[in-house]
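Right, one structure below, let's go through it.
Just so you know, these numbers use all the heavy atoms, side chains as well, and skip hydrogens, waters and symmetry mates.
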Amino acid sequence: ATLSHFSGPGSQSAVARLEEKVNSYHDTLLENISSVISGVEADTQDAIHAIQQVGNRVEEVETSVKAAVEQQLAEIIGRLKGLETTADENTRRIEHVDDRH
């Protein structure tokens with residue numbers, strides 16, 4: 001049936017009421033879709049913010065670990081240089097003792 005099949009008294013107002021209901025459902029559907037989209041956008045922004053915070057924290061940890069490793073390497077190098085100096089001194093002492101014999 002098409003709208004042309006609706007004829008007779010009251011059919012105009014019935015069609016108008018039907019169009020009104022369809023328009024109302026359409027408006028409600030658009031509002032609901034818009035609301036869902038807004039919610040998804042907000043959730044996406046929250047997720048982006050959380051990811052940025054994680055990225056910032058990773059950079060902080062990376063910087064901290066790098067500094068700690070550099071400090072430990074400097075300490076190890078210092079100890080090795082100290083051992084090298086001690087070994088050189090011991091070698092000189094042994095050579096000195098050998099020269100006396």
Side-chain angles (χ1 to χ4, degrees):
T2 63
L3 292 181
S4 62
H5 290 114
F6 292 103
S7 60
S11 64
Q12 294 286 332
S13 64
V15 169
R17 283 195 308 273
L18 182 60
E19 285 179 345
E20 205 174 286
K21 279 187 177 181
V22 168
N23 288 336
S24 173
Y25 289 143
H26 184 255
D27 291 345
T28 301
L29 181 60
L30 288 178
E31 288 172 13
N32 289 343
I33 290 171
S34 177
S35 176
V36 168
I37 289 171
S38 294
V40 169
E41 287 174 341
D43 290 346
T44 301
Q45 288 301 317
D46 290 347
I48 288 170
H49 183 67
I51 290 167
Q52 288 170 336
Q53 286 180 321
V54 168
N56 291 342
R57 185 66 186 126
V58 167
E59 286 179 17
E60 290 172 12
V61 169
E62 182 181 16
T63 301
S64 175
V65 167
K66 186 177 178 183
V69 167
E70 286 173 353
Q71 180 183 354
Q72 289 177 348
L73 285 174
E75 290 173 9
I76 290 169
I77 289 169
R79 288 187 204 144
L80 288 173
K81 285 182 178 178
L83 289 174
E84 183 181 32
T85 300
T86 302
D88 287 347
E89 290 171 0
N90 288 341
T91 301
R92 275 191 229 101
R93 284 190 197 124
I94 291 169
E95 289 170 351
H96 183 69
V97 169
D98 282 347
D99 288 345
R100 290 194 305 184
H101 283 72

- Cluster link Leu29 to Ile37, ILVMFWY, side chain under 4.5 Å: yes

- CD1 of Ile48 to CG of Asp43, rounded to nearest 0.5 Å, is 11.0 Å

- Message: So for atom CD, which belongs to Glu89, do other residues, nucleotides or ligands contribute more than 12 heavy atoms lying within a distance under 6.0 Å?
- Response: yes

- Note on the structure: Taken to the nearest 0.5 Å, the spacing of Ile76 CD1 from Leu83 CG works out to 11.5 Å

- Note on the structure: d(Thr91 OG1, Glu84 CD) to nearest 0.5 Å is 10.5 Å

- Less than 4.5 Å apart, any side-chain heavy atom of Asn32 and any of Val36? no

- Donor + acceptor pair across side chains of Gln45, His49 (<3.5 Å): no

- With the 4.5 Å side-chain cut-off for hydrophobic clustering, are Val69 and Val61 part of the same group? yes

- Ser38 side chain vs Ser34 backbone, donor-acceptor pair below 3.5 Å: yes

- Task: Find the distance between CD1 (Ile77) and CD (Glu70) and round it off to the nearest 0.5 Å.
- Result: 10.5 Å

- Item | Check: Thr85 side chain, Lys81 main-chain N or O, donor-acceptor pair, under 3.5 Å | yes

- Verify, without hydrogens or angle tests, whether Ser64 (side chain) and Glu60 (backbone) share a donor-acceptor contact under 3.5 angstrom. no

